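Here's the structure, in structure tokens; my notes come after.
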There are 2 protein chains.
Amino acid sequence: MRQIKHPAIEQVELIEILYALADPTRMEIVVRLAKAGRKLTCGELDLNRPKSSMSHHFKILRSAGLVETVVDGTEHMNSLRLAEIEQKYPGVLESVLKATQDSAAPDSL
Amino acid sequence: MRQIKHPAIEQVELIEILYALADPTRMEIVVRLAKAGRKLTCGELDLNRPKSSMSHHFKILRSAGLVETVVDGTEHMNSLRLAEIEQKYPGVLESVLKATQDSAAPDSL
DNA sequence: TCCAATGTTCCAATATAATCGAACATTGGA
DNA sequence: TCCAATGTTCGATTATATTGGAACATTGGA
């Protein structure tokens, strides 16, 4: 397998995006990718879970169209398809990311 | 049971909202409530499913904080908690609703 | 060529969710 | 008081998702 297949933005479904985000592990991955603003390997995204579990979640994130993975040697570099998704579903992903920022350790709680 | 309990907006979790929306039946309910712009009974929202199934989905929509139900005689009037959710999670619900409008039977496909 | 590193795939086990018939609760009206 | 209407709850069944160990594939370097 040289490179990994991803759905074209045309066939990305809103409900699949919502489903993919509706899991704490996957949400965490998405949030970290957004914060990083650069491609991250699965290893860098370590969430203290077995490789097979992480791979499972990445598969769902990819098939939902949220994450793009490019193979680089033995590593897989992951990034958010933020711009594409914003264009097709304006505000959806951005508002979700914004909401996670706001609720994450605010000044006073 | 006189009236039904709902979570306060403070305890409404983003991930619960996403989970609740990530189901075709529930998404359909939410979209119809949004389009109606008024309170609807479960009956008016008929999606050709048994009462017990509908009740199950409404329970999830309520516990996620998306839907408010007030008892009126033998009927249960349902409405979207759009304003509250918009205030807590700006853009999330609105952008999702917008996305469903845009993709629903556009002029050319 | 051999090997370590990075992920994926396979598989089985467990957990969670959806479905829906039947019984139940509540209400308002005849 | 009885009954029909509207939903909820219960319980069982089925379907779908998550989890993680083990084996596998690919790559680059020693």
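Just so we're on the same page: letters track the sequence lines, and every chain starts at 1. Keep in mind that what you see is a predicted model, and the values were worked out from it rather than measured.
Between the side chains of His6(B) and Arg62(B), no donor-acceptor pair is found at a separation under 3.5 Å.
Distances shorter than 4.0 Å separate none of the side-chain N or O atoms of His56(A) from OP1 or OP2 on dT19(D). At the phosphate of dT8(D), OP1 or OP2 sits under 4.0 Å from a side-chain N or O atom of Ser55(B). Close to dA18(C), at under 4.0 Å from its OP1 or OP2, lies a side-chain N or O of Arg26(B). Contact annotation: His76(B) reaches the phosphate of dT8(D) (side-chain N/O to OP1 or OP2, under 4.0 Å).
For the pair Lys98(B) and Glu94(B), the salt-bridge criterion is not met [side-chain N within less than 4.0 Å of a carboxylate O]. Taking a cutoff of 4.0 Å between a charged side-chain nitrogen and a carboxylate oxygen, Arg49(B) and Glu28(B) do not qualify as a salt bridge.
Base pairing of dA30(D) is made with dT1(C), judged by Watson-Crick or G-U wobble geometry with both donor-acceptor distances under 3.5 Å. The pairing partner recorded for dA25(D) is dT6(C), the criterion being a Watson-Crick or G-U wobble arrangement whose two distances lie under 3.5 angstrom.
Distance Lys51(A) NZ to dA25(D) C1': 11 Å, rounded to the nearest Å. Here dT26(C) presents its C1' atom at 11 Å from CD1 of Ile4(B), a figure rounded to the nearest Å.
The shortest distance between side-chain heavy atoms of Leu66(B) and Leu21(B) falls below 4.5 Å.
The Thr41(A) side chain lies nearest to dG7(C) when the options are dG7(C), dT18(D), dT8(C).
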